Number of protein chains: 2
Amino acid sequence: MTKQEGTATLPSYLTVTNADFEHLTGTEKNKKFFELANTTKNQICPIRDIVARISDKWSVLAIYGLGGYGKLRFNELKHKIGDISQRMLTVTLRNLEADGLITRTIYPQVPPRVEYELTELGHSLMQQLQLFAEWATKNGPEIIYYREKANKVIKDRIA
Amino acid sequence: MTKQEGTATLPSYLTVTNADFEHLTGTEKNKKFFELANTTKNQICPIRDIVARISDKWSVLAIYGLGGYGKLRFNELKHKIGDISQRMLTVTLRNLEADGLITRTIYPQVPPRVEYELTELGHSLMQQLQLFAEWATKNGPEIIYYREKANKVIKDRIA
DNA sequence: CTGCATCCAACTTGATACTG
DNA sequence: CAGTATCAAGTTGGATGCAG
């Protein structure tokens, strides 16, 4: 399947498109997204499903690693991330592959050589993550400041 | 603390700013973000911490609910989300409050009346989530299509 | 109405050992 | 090199009961 705009060639039960909201603005748009995020069609909600995919401990790092350094072998990526276990890198890469976000190329050699690379879809996701990461880099310290302050209050209550 | 640009008035150990990357482009920028997401300063990484905050099962829905409908009482928000338990809504709201993303206002009445509302920081986060949600709405079906196909392959292997 | 405390089942993760 | 298998420990979320 080549990359398509929207939902072409997809199963008919996946009928959520951006036509539903792109004409909306302000509060109405927010309400619409609340509904989109709070509704499941056949057990599936694209928003929550995609958030769940990048929500595990390692997916974002694997995507960034492949996005920043291009095609990488298993152990190259493992060493770049540093503290990931072999098992979790395997699990993470299998999930990303199943979602069409990365490709896995096996070279029939001894010892084996396996290379991973972002797909077009994976690059597209990484660009969205980039926007989010920029926000997090700018605003994260403020959030963490509040969080530490709140923890202090809790400690004071205990004491 | 009023909302500030960047890291003003924050503890000195939180020194990550966007000055480090905003001049970069393309691959170099991707590498920089890999490093930012893969580095911790005093156990803290803003990117991974913020991803972790929105990664639990209910935070995104709570933020969208308050973003779409404004100030809401506890049970109003609970009924809008629908299938959240009382315990998890309480936990979720306490976490968001501790991070400075929502305010909690108690009216000393019997029975009690408590209202929740996004802060400026919370609205800012929701706007970023909106961008991500738009991407997920457009591209989620394609990802889910791949995922279902991959699951089918796994079933075939078992059979 | 709002929320806390407790218990428990399910899921996630990391360590370790083994394999083609 | 690139995995797989297994198990122990930690975490999450839902159900339930109680309280101001």
Side-chain angles (χ1 to χ4, degrees), chain A residues 38 40 43 45 48-49 51-62 65-66 71-99 102-117 150 153-154 157-158, chain B residues 38 40 43 45 48-49 51-62 65-66 71-98 102-117 150-151 153-154 157-158:
Chain A
N38 199 26
T40 57
Q43 322 271 29
C45 169
R48 294 167 84 170
D49 287 352
V51 171
R53 167 56 64 240
I54 63 154
S55 288
D56 63 86
K57 197 170 173 183
W58 303 109
S59 289
V60 170
L61 285 175
L66 296 175
K71 193 182 296 181
L72 287 179
R73 298 181 62 168
F74 184 89
N75 271 336
E76 287 174 338
L77 182 55
K78 183 173 187 299
H79 291 139
K80 287 201 185 302
I81 296 179
D83 58 342
I84 191 173
S85 69
Q86 193 176 47
R87 172 185 142 80
M88 288 316 297
L89 183 55
T90 299
V91 170
T92 301
L93 292 171
R94 289 296 181 284
N95 287 337
L96 295 175
E97 186 194 10
D99 282 4
I102 66 173
T103 58
R104 176 167 177 265
T105 308
I106 309 169
Y107 297 88
Q109 304 173 354
V110 179
R113 171 189 184 84
V114 181
E115 291 183 337
Y116 295 89
E117 192 172 19
V153 170
I154 291 172
R157 280 185 192 143
I158 293 172
Chain B
N38 200 24
T40 57
Q43 321 272 29
C45 169
R48 294 167 84 170
D49 287 352
V51 171
R53 166 58 62 241
I54 63 155
S55 288
D56 62 88
K57 198 171 174 183
W58 303 109
S59 288
V60 170
L61 285 175
L66 296 176
K71 194 182 296 181
L72 288 178
R73 297 181 63 168
F74 184 87
N75 271 337
E76 287 173 339
L77 181 56
K78 183 172 187 300
H79 291 139
K80 287 201 184 303
I81 296 179
D83 58 342
I84 191 173
S85 68
Q86 194 176 53
R87 170 185 142 83
M88 288 318 296
L89 183 54
T90 299
V91 171
T92 301
L93 292 171
R94 288 296 177 284
N95 286 336
L96 295 175
E97 186 194 9
I102 66 173
T103 58
R104 177 168 178 262
T105 308
I106 309 169
Y107 297 88
Q109 305 174 353
V110 179
R113 171 187 181 85
V114 182
E115 290 181 338
Y116 296 89
E117 193 172 18
N151 285 340
V153 170
I154 291 172
R157 280 184 192 143
I158 293 171

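Treat the numbers as computed from the prediction; the structure is a model and nothing was measured. Order of the sequence lines sets the chain letters (A, B, ...), proteins ahead of strands, with each chain counted from 1.
- Nucleotide D/dG13 holds its P atom 13 Å from the CD1 atom of B/Ile81, rounded to whole Å.
- Look at CD on A/Glu115: it is 9 Å from P on D/dA2, rounded to the nearest Å.
- Nearest nucleotide to the side chain of B/Gln86, out of D/dG13, C/dC4, D/dG3: C/dC4.
- Positionally, the nearest nucleotide of DNA chain C for B/Val91 lies more toward the 5' end than for the other of A/Met88 and B/Val91.
- Among C/dT13, D/dC1, C/dT2, the nucleotide with an atom closest to any side-chain atom of B/Val114 is C/dT2.
- Look at CZ on A/Arg53: it is 10 Å from P on C/dT12, rounded to the nearest Å.
- Applying the 4.0 Å criterion to OP1 and OP2 of C/dG3, one finds that B/Lys78 has every side-chain N and O outside that range.
- Computed from coordinates, the A/Leu93 CG to D/dA2 P distance equals 11 Å when rounded to whole Å.
- No contact: A/Tyr107 has no heavy atom under 4.0 Å from any strand.
- At whole-Å resolution of the value, CG in A/Asp56 and C1' in C/dG14 are 14 Å apart.
- Not a single donor-acceptor pair under 3.5 Å links the side chain of A/Asp56 to the backbone N or O of A/Thr92.
- The distance from atom CG of A/Asn95 to atom P of D/dG3 is 14 Å, rounded to the nearest whole Å.
- Distance from the side chain of A/Arg87 is smallest to D/dT6 among D/dG3, C/dC4, D/dT6.
- OP1 or OP2 of C/dG14 lies within a sub-4.0 Å distance of a side-chain N or O belonging to A/Lys57.
- Side-chain contact between A/Pro112 and A/Ile106: absent, with no pair of heavy atoms (C-beta onward) separated by less than 4.5 Å.
- Comparing atom distances between the A/Arg104 side chain and each of C/dC1, D/dG3, D/dG13 picks out D/dG3 as nearest.
- For D/dG3, the OP1/OP2 oxygens have a side-chain nitrogen or oxygen of A/Tyr116 closer than 4.0 Å.
- Residues A/Arg104 and A/Arg94 are in side-chain contact: their nearest non-hydrogen atoms beyond the backbone lie under 4.5 Å apart.
- Put simply, CD on A/Gln109 is 20 Å from P on C/dG20, counting in whole angstrom units.
- Closest to the A/Pro112 side chain, of the nucleotides D/dA2, C/dG3, C/dT2, is D/dA2.
- Of all the heavy atoms in B/Leu66 and B/Leu72, the pair that sits closest is CD2-CB, 3.9 Å.
- Closest of all the heavy-atom pairs between B/Trp58 and A/Arg48 is CZ3-NH2, 3.6 Å.
- Summarising the geometry, the separation between CD1 on A/Ile84 and C1' on C/dT12 is reported as 13 Å, rounded to the nearest angstrom.
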